[in-house]
Amino acid sequence: MTAPAVEGDTRTAPMLLVADPDAGLVRQLSAAMQAEGVDVTGVPDGAQALLQAGALRPDAVLICASLPIVGPVDFVRAVRLMRTVPVLLGIDFGSDAEQALQALEAGATACVARPYRVPELLPLVQAAFRRQDSHRTVLTIGDVELDVTAYQVKVGGRVVHLPLREFELLHYLMRNADRTVTREQIMRNVWHSTDGMSTNTIAVHVKRLRARLGDVEDTMIQTVRGVGYRLVSG
């Protein structure tokens, strides 16, 4: 199978650019966010953040209020000249109030607590990604083509009719191609709930989806024992 292709963008997972001089804090946040399916790139200062914001076109940018070289206010103003990416400002409690106010006035999207908390950041980054993802209408991996707008799936050019839940499951797996997603992530992002669900429910839907796609040897949608599933692009 070929690498995943998406109209207008080849990225299949949210991307967060983090600019913070505390390397340990960035590593900790990166590991936690990547466990939730978010790609993270970390840089130590505002100058590098500006370069990466233009090169990577992340879905969201997180900068600390004490950002060196290019400060948060100048960073926000410069980014706003390039594009409308959400810029989140990390502030320490009891400090950075003036910087935060100035950055918000310059166009920063919101302030978040530093040290950073994944439950606070994750919904903001996912929402930004969904806004970008709404413009991506067709995903293609190998001979499987999924049209988000038409709610249509083709395999080798032949239309395959999927029930809504299986369509959403395939969409989620294709957006996260080559990434292992846990059963909990699938419950949260496809079923939008973790209450009262058995992991067997997911297994049944995956089995049916494989059959409809002709994935008879489970080579496309692989089971990662004890963890979840991975849709392989090649």
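Model, not experiment: these values are computed from the prediction.
Residues P68 and P44 are not in side-chain contact: their nearest non-hydrogen atoms beyond the backbone lie 4.5 Å or more apart. L162 places none of its side-chain heavy atoms less than 4.5 Å from the side chain of Y151. You'll find the side chain of L169 reaches within 4.5 Å of the side chain of L209, heavy atoms only. Taking 4.5 Å as the limit, some side-chain heavy atom of L139 sits within range of a side-chain heavy atom of V148. Under the 4.5 Å side-chain criterion, counting only non-hydrogen atoms from C-beta, P115 is in contact with L25. Here the side chains of N189 and E168 are not in contact, with every heavy-atom distance at 4.5 Å or above. Between V181 and L173 the shortest side-chain heavy-atom distance falls below 4.5 Å. At least one side-chain heavy atom of R188 sits under 4.5 Å from a side-chain heavy atom of E36.
Using a cut-off of 4.0 Å between Lys/Arg side-chain N and Asp/Glu carboxylate O, D20 and R27 are scored as not salt-bridged. Ion pairing between a basic and an acidic side chain is recognised when a charged N comes within 4.0 Å of a carboxylate O; E217 and R210 show no such pairing.
Interatomic distance, L231 CG to L170 CG, rounded to the nearest 0.5 Å: 7.0 Å. L121 contributes atom CG, which lies 11.0 Å from atom CD of Q126 (distance to the nearest 0.5 angstrom). For the atom pair I202 CD1 and T182 OG1, the distance stands at 8.5 Å (nearest 0.5 Å). Taking CE of M15 as the reference point, atom CZ of F129 lies at 10.0 Å (rounded to 0.5 Å). Taking CD of E145 as the reference point, atom OG1 of T140 lies at 4.5 Å (rounded to 0.5 Å). Between the CG atom of L89 and the CG atom of L67 there is a distance of 9.0 Å, given to the nearest 0.5 Å.
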For this session: Would you please test V61 and V79 for side-chain contact (heavy atoms from CB on, under 4.5 Å) and show each step?
Result: CA-CA 10 Å; V61 181; V79 165; 5.8 Å; no
For this session: Test side-chain contact (heavy atoms from CB on, under 4.5 Å) on L62 and L29 and set out the steps.
Result: CA-CA 11 Å; L62 171 63; L29 176 64; 3.7 Å; yes
Exercise. Going through the checks in order, is the side-chain contact (heavy atoms from CB on, under 4.5 Å) test met by V144 and M220?
Worked result: CA-CA 10 Å; V144 177; M220 182 179 185; 3.7 Å; yes
For this session: Start with the C-alpha distance between I63 and L88, add both sets of side-chain angles, then the distance that settles side-chain contact (heavy atoms from CB on, under 4.5 Å), and finish with yes or no.
Result: CA-CA 6 Å; I63 61 175; L88 310 173; over 6 Å; no
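Applying side chain to side chain donor-acceptor pair (under 3.5 Å) to E166 and the options R208, R212, H171 leaves one that passes, R212.
Pairing each heavy atom of A128 with each of D59, the nearest pair is CB-O, 3.4 Å. Minimum interatomic distance between R80 and V85 (heavy atoms only, all atoms of both residues): NH1-O, 2.9 Å. Across every non-hydrogen atom of R230 and V224, the tightest pair is NH1-CG2, 3.6 Å. Of all non-hydrogen atoms in T180 and Q185, the two that sit nearest each other are O-OE1, 4.2 Å. Closest heavy-atom contact between A78 and L50: CB-CD2, 3.7 Å. A pairwise comparison of heavy atoms in V76 and G107 identifies CG1-C, 3.6 Å as the closest pair.
Between the side chain of R77 and the backbone N or O of A106 there is no donor-acceptor pair closer than 3.5 Å. A donor-acceptor pair is defined here as one N or O able to donate and one able to accept, closer than 3.5 Å; such a pair exists between the side chain of R165 and the backbone of V190. No side-chain donor-acceptor contact under 3.5 Å links N176 to the backbone of R179. Remark: side-chain polar atoms of S30 are not paired, donor with acceptor, to backbone N or O of V40 under 3.5 angstrom. Judged purely by atom type and a 3.5 angstrom limit, D178 uses its side chain to pair as donor or acceptor with the backbone of S233. Looking at N200, its side chain never comes within 3.5 Å of a backbone N or O of V204 through a donor-acceptor pair.
The number of heavy-atom neighbours closer than 6.0 Å to CD of E120, taken from other residues, nucleotides and ligands shown, is above 12.
Hydrophobic clustering, with ILVMFWY side chains joined whenever heavy atoms are under 4.5 angstrom apart, keeps V216 apart from Y229. Both I141 and Y172 are members of a single hydrophobic cluster when ILVMFWY side chains are connected at heavy-atom separations under 4.5 Å. Cluster annotation: V70 and V87 are assigned to the same hydrophobic cluster (Ile/Leu/Val/Met/Phe/Trp/Tyr, side-chain heavy-atom contacts under 4.5 Å, transitive). Follow the hydrophobic side-chain contacts under 4.5 Å out from V26 and you reach L124 in the same cluster. Note on L164: it does not cluster hydrophobically with V159, by side-chain heavy-atom contacts below 4.5 Å among ILVMFWY residues.
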